[in-house]
Amino acid sequence: MSDLEAPLRPKRKKIWVDYFVQFRWIIVIFVVLPISFTLYFLTYLGDVKSERKSFKQRQKEHDENVEKVVKRLKQRDASKDGLVCTARKPWIAVGMRNVDYKRARHFEVDLSAFRNILDIDKERMIARVEPLVNMGQITRVTVPMNLSLAVVAELDDLTVGGLINGYGIEGSSHIYGLFSDTVVAYEIVLADGRVVRATKDNEYSDLFYAIPWSQGTLGLLVAAEIKLIPVKEYMRLTYKPVVGNIQELAQGYIDSFAPRDCDQDNPEKVPDFVETMIYSPTEAVCMSGRYASKEEAKKKGNVINSVGWWFKPWFYQHAQTALKKGEFVEYIPTRQYYHRHTRCLYWEGKLILPLADQWWFRFLLGWMMPPKVSLLKATQGEAIRNYYHELHVIQDMLVPLYKVGDALEWVHREMEVYPIWLCPHRLYKLPVKTMVYPEPGFELHRRQGDTHYAQMYTDVGVYYSPGPVLRGEVFDGQEAVRKMENWLIENHGYQPQYAVSELTEKNFWRMFDAGLYEHCRRKYGAVGTFMSVYYKSKKGRKTEKEVREAEQAHLETAYAEDDQPAY
């Protein structure tokens with residue numbers, strides 16, 4: 001068997017959950033879609049109501065809500081009440097992992113009012129927003145001003161708080177880094193009720209660098225100041241097919257945005273946006289985009305494609321047509337381009353609603369798409385949730401760019417999931433060592449995509465049912481995820497913790513660096529108030545006693561003894 005051949009697997013016997021999942025589309029069409037559309041509409045009305053208020057009024061309401069949070073925190077009796085977490089229901093989170101930590105005794109703080117855009121400062125090019133502001137909401141306000149966040153995650157429902165405390169990426173991340181890299185200040189309520197503003201150069205700079213990836217376990221985020229960039233009305237998008245073996249597909253992807261002469265900061269050589277979709281072990285389509293004016297887009301002979309209309313083909317299927325018709329160029333309205341994967345949830349929509357990509361469905365019911373991820377989770381039940389954890393893959397593998405070919409070969413061999421989403425991002429060399437950091441000495445190698453101040457990484461997005469499952473064969477999802485996590489640790493990669501994780505505590509801290517995080521946990525009083533990031537991410541139900549005991553044991557380990565982080 002060659003290295004790329006998947007192992008032979010025995011057939012898997014079907015159980016009742018298989019049939020329920022197969023016909024789940026009935027519930028989705030008649031229950032989930034109508035409720036989703038209603039919720040989207042009500043949320044839109046709430047956003048419009050908020051936008052009619054002056055920034056001064058929104059700031060006043062923000063200050064009042066922060067006072068309520070502080071008051072609530074001070075009501076907590078540490079000897080009687082559980083650890084602090086938000087009052088947000090577990091099923092509302094967009095992430096795929098079980099939010100089991102909320103099943104333990106806990107002290108809830110309600111942050112549901114924090115969903116306003118507080119200011120758009122055109123002079124400083126900063127947007128000040130609350131944590132529950134989502135991507136659809138912010139682009140609806142900024143794009144008509146010819147402004148945008150530097151990194152806009154594709155799905156409308158992704159929130160600022162989730163993208164900061166967790167993980168956020170987009171096709172512009174090869175220029176600006178991850179979502180959290182575009183934040184210039186955090187407003188945080190600490191465990192003792194103090195409200196602080198953390199920036200990279202003030203007295204809370206350690207907290208500023210520790211917040212990303214911390215999953216809200218250092219304090220409660222109540223506002224963030226995020227970098228804005230100027231944009232134009234359209235995205236000029238080039239679709240380029242690539243055919244060959246996996247390593248050749250990987251090189252085609254790298255060449256689509258990383259000059260071979262390493263001139264990575266030259267805007268003439270590097271596109272504004274980039275992504276690649278791998279459709280099979282031998283076929284891919286690389287997409288590169290540049291902002292374009294309305295005047296350019298509407299010139300005679302140019303093709304404008306408004307991909308956001310409900311009846312349009314799903315974006316990933318539209319891009320796939322380049323494999324048949326060859327390279328082509330079109331202009332897409334900027335906001336519609338940002339949210340190009342929303343309607344079909346990348347390609348997960350094909351599994352949830354097998355007929356939803358057909359022209360007649362798109363025309364008749366496409367206006368109700370997509371189903372809200374939170375409602376899909378709320379209606380699936382324990383058995384179906386476990387089924388998806390074991391027989392479905394939704395994972396992101398963040399790996400050094402030069403290892404993307406190896407990562408693709410690993411995914412093909414162990415999971416056989418297609419399509420695969422590729423999106424590059426910078427991982428900056430910072431003045432402190434954060435939870436995620438580039439390979440030591442990367443700048444000495446000057447590999448394609450790297451600069452002296454940042455190593456180029458790539459997200460390998462693996463979202464779909466594995467090939468063995470589609471063929472009715474045995475597949476051990478838990479073991480596959482464990483193997484993936486070990487591969488990432490061995491290759492200096494990272495696993496975003498929105499996904500299902502099988503990491504042990506030892507391996508978690510082999511993958512991520514604990515120094516700065518644990519320093520801030522103790523310095524700012526988070527220990528004993530907020531659950532640690534590992535136990536918040538850990539799979540399985542937890543009791544408050546188990547969490548407290550485990551955290552105490554963790555603090556006694558060698559890497560947490562030194563009060564000073566590694567600088």
Side-chain angles (χ1 to χ4, degrees), residues 1 4-33 35-36 90-91 94-100 278-281 314 316-317 344-358 361 365 369-397 410-421 461-485 498-502 539-541:
M1 183 174 68
L4 281 183
E5 286 183 16
L8 296 175
R9 307 171 192 261
K11 289 292 183 180
R12 185 178 67 87
K13 185 177 180 180
K14 285 191 175 184
I15 58 175
W16 68 270
V17 181
D18 290 281
Y19 298 101
F20 197 92
V21 169
Q22 184 179 352
F23 294 101
R24 192 182 174 208
W25 60 268
I26 299 173
I27 295 175
V28 174
I29 288 179
F30 294 104
V31 178
V32 175
L33 277 183
I35 297 176
S36 295
W91 54 270
V94 177
M96 293 299 106
R97 62 182 168 85
N98 295 348
V99 191
D100 289 318
I278 309 289
Y279 291 97
S280 76
W314 289 354
Y316 84 95
Q317 293 177 340
C344 54
L345 301 174
Y346 286 89
W347 29 88
E348 285 288 319
K350 182 65 176 174
L351 282 176
I352 299 165
L353 290 169
L355 298 177
D357 61 339
Q358 302 298 306
F361 186 101
L365 297 175
M369 292 289 285
K372 285 186 77 71
V373 173
S374 56
L375 283 178
L376 291 172
K377 291 168 65 176
T379 57
Q380 68 185 9
E382 190 79 15
I384 296 178
R385 181 173 67 166
N386 291 334
Y387 175 94
Y388 282 127
H389 284 185
E390 294 168 6
L391 299 173
H392 191 80
V393 178
I394 297 183
Q395 295 283 347
D396 287 273
M397 303 169 64
W410 187 93
V411 171
H412 177 78
R413 183 172 60 249
E414 299 292 340
M415 294 179 174
E416 286 187 83
V417 170
Y418 292 98
I420 296 173
W421 186 63
V462 188
Y463 327 121
Y464 210 62
S465 286
V469 174
L470 296 175
R471 294 192 298 267
E473 298 170 359
V474 169
F475 180 80
D476 188 338
Q478 294 180 6
E479 182 60 23
V481 171
R482 288 191 196 98
K483 288 181 179 179
M484 181 198 77
E485 291 164 346
Y498 79 87
V500 177
S501 173
E502 300 290 341
K539 182 178 172 183
R541 300 191 182 191

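Residue indices begin at 1 and follow the sequence shown. Here the structure is a predicted model, which means the values were calculated and not measured.
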For this session: Would you give the length of the straight line joining atom CD of E416 to atom CD of E473, rounded to the nearest 0.5 angstrom?
Result: 7.5 Å
Exercise. Hey, what do you get for CD1 (I29) to CD1 (I352), rounding to the nearest 0.5 Å?
Worked result: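 The distance works out to 12.0 Å.
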Are [X] and [Y] close enough that some pair of their side-chain heavy atoms sits under 4.5 Å apart?
X    : Y    : value
Y388 : V21  : yes
M369 : C344 : no
F475 : E390 : no
M484 : V462 : no
R24  : T379 : yes
K14  : Q22  : yes
L353 : L33  : yes

Exercise. Looking at residues at least two apart in the chain, or sitting in another chain, which of them share a side-chain contact (heavy atoms from CB on, under 4.5 Å) with D476?
Worked result: Q478, E479
For this session: Go through M397 and I420 one step at a time and tell me if the side chain to side chain contact (heavy atoms under 4.5 Å, CB included) criterion holds.
Result: CA-CA 11 Å; M397 303 169 64; I420 296 173; over 6 Å; no
Ignoring hydrogens, what is the shortest heavy-atom contact between [X] and [Y]? Give both atom names and the distance.
X    : Y    : answer
P419 : Y279 : CG-CD2, 4.2 Å
D357 : P354 : OD1-O, 3.4 Å
D396 : G461 : OD1-CA, 3.7 Å
V474 : P468 : O-CB, 4.0 Å
V417 : P466 : CG2-CA, 3.7 Å

Exercise. In terms of ring plane angle, is the pair W347 and Y316 parallel, tilted or perpendicular, where the classes change at 30° and 60°?
Worked result: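 Ring orientation of W347 relative to Y316: perpendicular.
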Exercise. Angle class for the Y463/W421 ring planes (parallel below 30°, perpendicular above 60°, tilted otherwise)?
Worked result: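 If you compare the ring of Y463 with that of W421, the planes turn out tilted.
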Using atom types as modelled and distance alone, determine if a side-chain donor or acceptor of [X] lies under 3.5 Å from a backbone N or O of [Y].
X    : Y    : value
K11  : R471 : yes
Q395 : V500 : yes
E348 : Y464 : yes

Problem set entry | side chain to side chain contact (heavy atoms under 4.5 Å, CB included) assessment of D18 paired with R12 | CA-CA 11 Å; D18 290 281; R12 185 178 67 87; 2.5 Å; yes
For this session: Using a cut-off of 6.0 Å, state whether more than 12 heavy atoms not belonging to F20 lie near its atom CZ.
Result: no
Exercise. In terms of side-chain heavy atoms, does H392 have a donor or acceptor partner in Y387 at a distance below 3.5 Å?
Worked result: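 Result is no, nothing qualifies.
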